[in-house]
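Computed from a prediction, not measured in an experiment: that's the story for all the values here. The residues of the chain are indexed from 1 along the displayed sequence.
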Amino acid sequence: MSKFDIGMIGLGVMGRNLALNLERNGFSVAGFDLDENKQKAGAEIFSGKKMSVAKNIREFVGLLKKPYKIMIMVPAGKAVDAVITDLKPMLQRGDVLI
């Protein structure tokens, strides 16, 4: 399995479209969203592109090239804090969260 250049957490309208823009500009993109409906919609939209959607956060991180480059497109506040808390044990020096 090949690894993806960048990860996008949050596959709502903004996250999904930013992921598509990244792919269109030469990057392979792994995506993740807690909402199963957004996972399914993302998988359909990303089909045939250099993109994939993970079912959980651990699978998502496993899809990425090191050092990890992860964009977070979730609502500000507690949702961002929760994503960072979930990711923190899997991150190392040099990884990038945006």
Next on the checklist: Using the rule given for side-chain contact (heavy atoms from CB on, under 4.5 Å), can you reason through Lys3 versus Leu63, listing the C-alpha separation, both sets of side-chain angles and the distance that settles it, and then say yes or no?
Outcome noted: CA-CA 5 Å; Lys3 300 282 186 169; Leu63 291 172; 5.8 Å; no

Donor-acceptor pairs are to be reported for all side-chain atoms of residues 9-23 against protein atoms at under 3.5 Å, with residues two or more places apart or in another chain.
| residue | atom | partner | partner atom | Å |
| --- | --- | --- | --- | --- |
| Arg16 | NH1 | Leu11 | O | 3.4 |
| Asn17 | ND2 | Val13 | O | 3.0 |
| Asn21 | OD1 | Asn25 | ND2 | 3.0 |
| Glu23 | OE2 | Lys50 | N | 3.2 |

Which atom pairs, one a donor and one an acceptor, fall under 3.5 Å between side chains of residues 77-98 and the rest of the protein, sequence neighbours left out?
| residue | atom | partner | partner atom | Å |
| --- | --- | --- | --- | --- |
| Thr85 | OG1 | Asp81 | O | 2.9 |
| Asp95 | OD1 | Tyr68 | N | 2.8 |
| Asp95 | OD2 | Gln92 | N | 2.6 |

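When each of Phe60, Phe4, Phe32 is checked for a side-chain contact (heavy atoms from CB on, under 4.5 Å) with Ser52, only Phe4 meets the rule.
Residue Leu34 is grouped with residue Ile72 when hydrophobic side chains (ILVMFWY) are merged at heavy-atom distances under 4.5 angstrom, including chains of intermediate members. The cluster map of Ile, Leu, Val, Met, Phe, Trp and Tyr, joined by side-chain heavy atoms under 4.5 Å apart, puts Phe27 and Met71 in the same cluster. Hydrophobic clustering, with ILVMFWY side chains joined whenever heavy atoms are under 4.5 angstrom apart, groups Ile45 together with Met73. Val29 and Val74 fall into different hydrophobic clusters, where Ile, Leu, Val, Met, Phe, Trp and Tyr residues are linked whenever their side-chain heavy atoms come under 4.5 Å apart, directly or through other members. Grouping the Ile, Leu, Val, Met, Phe, Trp and Tyr side chains by contacts below 4.5 angstrom, directly or via other members, places Ile70 apart from Met8.
Listed by first and then second residue, the salt bridge (charged side-chain N to carboxylate O under 4.0 Å, His left out) pairs that reach into residues 58-74 are Asp5-Lys65, sequence neighbours excluded. Counting only residues at least two apart or in different chains, salt bridge (charged side-chain N to carboxylate O under 4.0 Å, His left out) contacts with residues 33-48 are absent.
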